[in-house]
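One structure is given below, encoded as structure tokens.
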2 protein chains.
Amino acid sequence: MSLWQSIADQLRAEIARGKWPPGTRLPPETELAARFGVNRHTVRHATRVLADEGLLYSRRGAGVFIAASPVDYPLSERVRFHRNIALSGKVPGRTIDTIMTRPSGEVEAHALGLEPGALVHVAEGISLVDFKPVALFRTIYPADLLPELPAMLRREESVTGALLACGVEDYQRLSTRITARIADAVQAAKLQIEPGDALLRTEGLSRWNERMVERALTWWAAERVTLTLPHVDS
Amino acid sequence: MSLWQSIADQLRAEIARGKWPPGTRLPPETELAARFGVNRHTVRHATRVLADEGLLYSRRGAGVFIAASPVDYPLSERVRFHRNIALSGKVPGRTIDTIMTRPSGEVEAHALGLEPGALVHVAEGISLVDFKPVALFRTIYPADLLPELPAMLRREESVTGALLACGVEDYQRLSTRITARIADAVQAAKLQIEPGDALLRTEGLSRWNERMVERALTWWAAERVTLTLPHVDS
DNA sequence: ACTAATTTGTTCGTATGTATG
DNA sequence: ACATACATACGAACAAATTAG
């Protein structure tokens, strides 16, 4: 085992047990070098590997910092943002930019099983993990089925809660479509990333009983999330 | 632009235009250093980055080698891909750039449940739909479990066929992780897209009985593919 | 607004270990 | 056994960016 490897392992373990919370600055390289009794290069080799793994990032002149670990987001039949994030030990949250009710477009109506022009609620906002933006969302609901949803969305903390308040007890993800796009200036600004960075785009359709209740469009900051598929085990 | 960056760019370009065929050994670091008029460390910094990108790999005492290049070996894709594409009324296909056997890296070994350094087979190539590239793939197999796989991959039309010839009757996808990245120059060239375009990256792990048999990394041209998740219906 | 100190990034030099052929 | 070539590690210096005062 080389020196840089054991140093990397040690730092990895200390990060794992939360010695430095995310965003914290590590001691300077010179200090770490002194602590481990090695040359600065050797510490840099270790921190470089950890940076490759996404645990750290460095800013010239500023220091080396603990990175907020990218979130694993499982795409299952019952996709619940708040629950998913909370289960991974992080703090879920969201802001809502707009809630409006308007006639549906053709694609929306078809997806939700409505007549074209039927009213839909549309909510747009930002999903947060540990108070940092990870995704933009646009969710669309049939207004006839959920007349009180806009009010509930404002009152409740999570979409699931709002739907529950409207009587929707258990809805299931029917299908998910995934692709990727480049962030434009507006998306980048909202997600606090750079224009040209990669976005994961998911398009989900959920059902409750015999009705489609939600069409969810989500643009994820790819650098902050990994979508995972829990396959059936044998 | 730092020295190592311009050197990396130069080497990347030379690799891209096929100056060194796949498997070729690059000139020794000392020679490259002399050619670029820099210290050996500076060359190493450049080659390290290129190795991270998957263009190169180095073997201690042997040299630095080209990992992949556009040399076509027409074989078919994995069963699911093949079937899915065929079912959608399109023509599936693929090319293989390289099949090689080399010591595993840490991440690979861990994923496949091997000792670091244990031999693995690595196949790299391009997946085609209607004779147009849609994805780059790198698949990794434990060599001890599948000693004849490279020969079988060349002989058989599909991965499934090759694995079957190695005694692997039915393997299961254990997990899939999805994220997105930006295409670099080499990836863009292979996929016939533009550098900076979005790539969907999937990372799959498959099991056969109690052994991991395949780690599959795939970079999809996001503009040409949408991954869909058919959720189980209740 | 400017300066100085701090801190990471890059580059050189040098030496030794270890695997390959 | 031997030369070659990559891997690791130390030391030194300066550049570039950030931060503190």
Side-chain angles (χ1 to χ4, degrees), chain A residues 1-12 15 20 22-67 192 194, chain B residues 1-12 15 20 23-67 100-109 114-120 122 143:
Chain A
M1 175 80 78
S2 54
L3 276 175
W4 69 262
Q5 274 181 334
S6 57
I7 291 171
D9 287 344
Q10 209 162 329
L11 291 175
R12 211 191 330 260
I15 293 169
W20 299 290
T24 311
R25 210 195 71 184
L26 258 65
E29 290 170 347
T30 49
E31 231 171 88
L32 288 175
R35 168 187 159 190
F36 292 111
V38 299
N39 188 275
R40 184 171 152 239
H41 287 312
T42 310
V43 168
R44 279 175 63 77
H45 195 162
T47 55
R48 192 197 81 217
V49 170
L50 297 180
D52 285 347
E53 294 175 11
L55 274 67
L56 304 176
Y57 64 92
S58 56
R59 285 168 48 217
R60 180 192 289 203
V64 179
F65 301 83
I66 305 291
Q192 296 174 21
E194 294 298 316
Chain B
M1 175 83 77
S2 55
L3 275 177
W4 68 263
Q5 273 180 333
S6 58
I7 291 172
D9 286 345
Q10 209 162 327
L11 290 176
R12 213 191 329 262
I15 294 168
W20 297 291
T24 309
R25 210 195 71 186
L26 258 64
E29 290 171 344
T30 49
E31 230 172 90
L32 288 175
R35 168 187 160 190
F36 291 111
V38 300
N39 189 274
R40 186 174 148 243
H41 287 314
T42 311
V43 168
R44 279 175 63 78
H45 195 161
T47 54
R48 192 193 77 217
V49 170
L50 296 180
D52 285 347
E53 293 175 10
L55 273 67
L56 305 176
Y57 65 94
S58 57
R59 285 165 51 215
R60 180 189 293 203
V64 180
F65 300 82
I66 304 291
M100 60 179 163
T101 303
R102 57 160 172 76
S104 57
E106 283 187 25
V107 177
E108 294 166 348
L114 303 172
E115 296 295 320
L119 287 180
V120 291
V122 181

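Protein chains get the first letters and strands the later ones, always in sequence-line order, with residue 1 at the start of each.
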Whole angstrom value for the distance that separates C1' of C:dC12 from NE2 of B:H45
15 Å
Tell me the interatomic distance from A:L3, atom CG, to D:dA9, atom C1', rounded to whole angstroms.
7 Å
Closest of D:dT18, C:dT11, C:dG9 to the A:H41 side chain is C:dT11
Can you tell me if A:N39 touches the phosphate of D:dG11, counting only side-chain N or O atoms and a distance under 4.0 Å to OP1 or OP2?
yes
Would you kindly give the CD-to-C1' distance between A:E29 and D:dA16, to the nearest whole Å?
14 Å
Give the minimum heavy-atom separation between B:T42 and B:W4, together with the two atoms involved.
O-CB, 3.7 Å
Heavy-atom closest pair (B:A8 atom, B:A46 atom, distance to 0.1 Å) is N-CB, 3.7 Å
CG of A:L56 versus P of C:dG9: gap in Å, rounded?
11 Å
Could you please name the partner base of D:dA1, counting Watson-Crick and G-U wobble pairs only when both distances are under 3.5 Å?
none
Using the closest heavy atom to pick a nucleotide of DNA chain D for each, name whichever of A:R59 or A:T42 lands nearer the 5' end.
A:T42
If each of B:P28 and A:G61 is mapped to the nucleotide of DNA chain D with the nearest heavy atom, which maps nearer the 5' terminus, i.e. the 5' end?
B:P28
Verify the contact: side-chain N or O of A:S2 to OP1 or OP2 of D:dA7, cut-off strictly under 4.0 Å; return yes or no.
no
Could you check whether B:R40 gets within reach of a base, just the sugar-phosphate, or nothing at all, counting any heavy atom under 4.0 Å?
base
Spacing of B:F65 atom CZ relative to D:dT4 atom P, expressed in whole Å
17 Å
Without decimals, in angstroms, what is the distance between B:Q5 CD and C:dT10 P?
7 Å
In whole angstrom, give the distance that lies between atom CE of A:M1 and atom P of C:dG17.
20 Å
How far does CD of A:Q5 sit from CZ of A:R12, to the nearest 0.5 angstrom?
9.0 Å
Report which part of the nucleic acid B:R44 touches: base, sugar-phosphate, or nothing (heavy-atom distance under 4.0 Å, all strands).
base
Separation of A:R60 atom CZ from C:dT8 atom C1', in whole Å?
7 Å
From D:dA5, C:dC12, C:dT10, nucleotide with atom closest to B:W4 side chain
C:dT10
Could you tell me which non-hydrogen atom of B:T47 sits nearest to which non-hydrogen atom of B:R44, and how far apart they are?
OG1-O, 3.0 Å
Indicate the atoms forming the closest heavy-atom contact of B:F36 with B:I7, along with that distance.
CE1-CG2, 3.8 Å
